[in-house]
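Convention: sequence-line order gives letters A, B, ...; per-chain numbering from 1.
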There are 4 protein chains.
Amino acid sequence: MMGKTGFSLILALALVTVGTSSERKCVLSGSWRSNLDCRMVVSELSEAGAFSGSYHSVAMAPKADILSSPLHGVQHNANQKEQPTFGFTVKWQFSESPPESMSVFVGQCFMDDQGEETLQTTWLLRQEVGSPNANWEAFRVGTNIFTRIK
Amino acid sequence: MMGKTGFSLILALALVTVGTSSERKCVLSGSWRSNLDCRMVVSELSEAGAFSGSYHSVAMAPKADILSSPLHGVQHNANQKEQPTFGFTVKWQFSESPPESMSVFVGQCFMDDQGEETLQTTWLLRQEVGSPNANWEAFRVGTNIFTRIK
Amino acid sequence: MMGKTGFSLILALALVTVGTSSERKCVLSGSWRSNLDCRMVVSELSEAGAFSGSYHSVAMAPKADILSSPLHGVQHNANQKEQPTFGFTVKWQFSESPPESMSVFVGQCFMDDQGEETLQTTWLLRQEVGSPNANWEAFRVGTNIFTRIK
Amino acid sequence: MMGKTGFSLILALALVTVGTSSERKCVLSGSWRSNLDCRMVVSELSEAGAFSGSYHSVAMAPKADILSSPLHGVQHNANQKEQPTFGFTVKWQFSESPPESMSVFVGQCFMDDQGEETLQTTWLLRQEVGSPNANWEAFRVGTNIFTRIK
């Protein structure tokens, strides 16, 4: 799915990471792992704070099939704020074809005294249902805490 | 992923749009009003289902000051599904400067027998807080139902 | 489950309803119908604002089988507040045996100029899962609006 | 608020705890601490699984003032299930008088190989607002994980 673009993106990130450091704290660009053992890779941010990337969910996937789904989001004033809020969508891609689903995450980045970053997020998962009568059961909710993969 | 098919499809849609309407139902492009008297304008969708737009919240704004905030999102297989799921972020812009906040919406479009479209959404609102200790109070949740403004 | 107690409760409610009126507004005692076509019957409140009752969910039940599940809750200062907040649990009883589940509702009663009462609630539904790894998918969220059945 | 009843309850719990052990796992009776440094004490359960108790929130309270608020709830088939679901309400009592608020928690108890119990909960907090127009901002959501205080 990500193919060449994804690979060169990761390469670019790797190169950039070497040179910069503290002033990039709590900018979402980079790789993150959640307490649910999900991983995500986030691109460089645009001037307006927009980013894209990919989300890999072990929990939601069949055991031998770690899936990658595209994510898109935005971060508040990435260059000025130390503990910015952010939000992103994950458009789930499954190898087999269950009902379509979509997730949204919203949260804030915190940095502790040692410079460790934590993304505190809450998410909603919407599953496709057949009719408005089944709408009541279509939303799941939960929390996810991400730390940076170094 | 969608390649040529996507392109010719958009072309076809563009041509069709002039004359017809129904087959474009439940594509998010256009103007919507929510039960909370919020309005949003959504752009044309990209091949991958991505869209941008603006969100106007009367409820959240001072009375004489209807604010416009940028939204970005994505819709599942917009061209193939009759009742697609979607998600988007709203990066709030306030005229004065309260703590920064970010919203995410996720939902599904339904169409009734008369062709009326309804967007059933649930949202999360994240407000910026000073420290992780205040994280518990930073997330609000709610639902919003949108109908198309004609 | 409700048997004789339930019957005399309903009888008591019927008797009480005749005599009193406006000052009982936004006390939860009585019968309510939600926008999802659920119904609930709420007992008299204790001095501390506690109540019990039963919840009938058409949406969650097989078509020919309207289920009744016990509810328990509490209301803030029922006698002094015009628009009190409240919360309650519903312990689901199913005729067949799916995984066990439990719901909690929290909300506030509003009264409009005509004296019509509306219960604005948000709920969480927890379904039993086999292990903590499946915890992420165990919570559903939604909203319900109740009006009094007269 | 809890006075003599509360005291003898705690005494009773202390006595009972000495004698019993493994078969009482994942029965909510006892004392629990959350990851947000909240504590709760839960009474013996009734035959129907009902319980009461008190909730002490450090996070929500002014620093020198640890508040105690009454909780009421119910647990599924406490005697038969190893990993039961449960729900409870907390009717907040504040020393000063902010708008009234009410919380509901719902979750499931898990036990690991060492017999350690964990309560995985999600909660909603409803704050009193002045009118239905402010309803959209009245619900907060979050998660709490409790472990037993021994």
Geometric class of the B:F146/B:Y55 ring pair [parallel <30°, tilted 30-60°, perpendicular >60°]
perpendicular

For chain B, the option from A:T89, A:V74, A:L124 that forms the most heavy-atom pairs under 4.5 Å
A:L124

Examine whether an atom of B:T121 lies under 4.5 Å from a heavy atom of chain A, and if so say whether it belongs to the side chain, the backbone or both; otherwise answer neither.
backbone

Kindly say whether A:Q83 contributes a backbone atom to a donor-acceptor pair with the side chain of A:Q108 at under 3.5 angstrom?
yes

Report the option among B:A50, B:G87, B:A138, B:P70 that has the most heavy-atom pairs separated by less than 4.5 Å from atoms of chain A.
B:G87

Salt bridge check, A:E116 against A:K150: does any charged N sit closer than 4.0 Å to a carboxylate O?
yes

Between A:A48, A:G107, A:G73, the one whose heavy-atom pairs under 4.5 Å with chain B are most numerous
A:G107

Where does B:T118 contact chain A at under 4.5 Å (heavy atoms): side chain, backbone, both or neither?
neither

Considering only heavy atoms from C-beta outward, does the side chain of B:R140 approach that of B:W123 to under 4.5 Å?
yes

Check whether any side-chain heavy atom of B:C26 sits under 4.5 Å from a side-chain heavy atom of B:E82, and report yes or no.
no

In terms of heavy-atom proximity below 4.5 Å to chain A, should B:V90 be classed as side chain, backbone, both, or neither?
neither

In terms of heavy-atom proximity below 4.5 Å to chain B, should A:T143 be classed as side chain, backbone, both, or neither?
neither

Examine the side chains of A:R126 and B:Q120 and answer whether a donor and an acceptor come within less than 3.5 Å of each other.
no

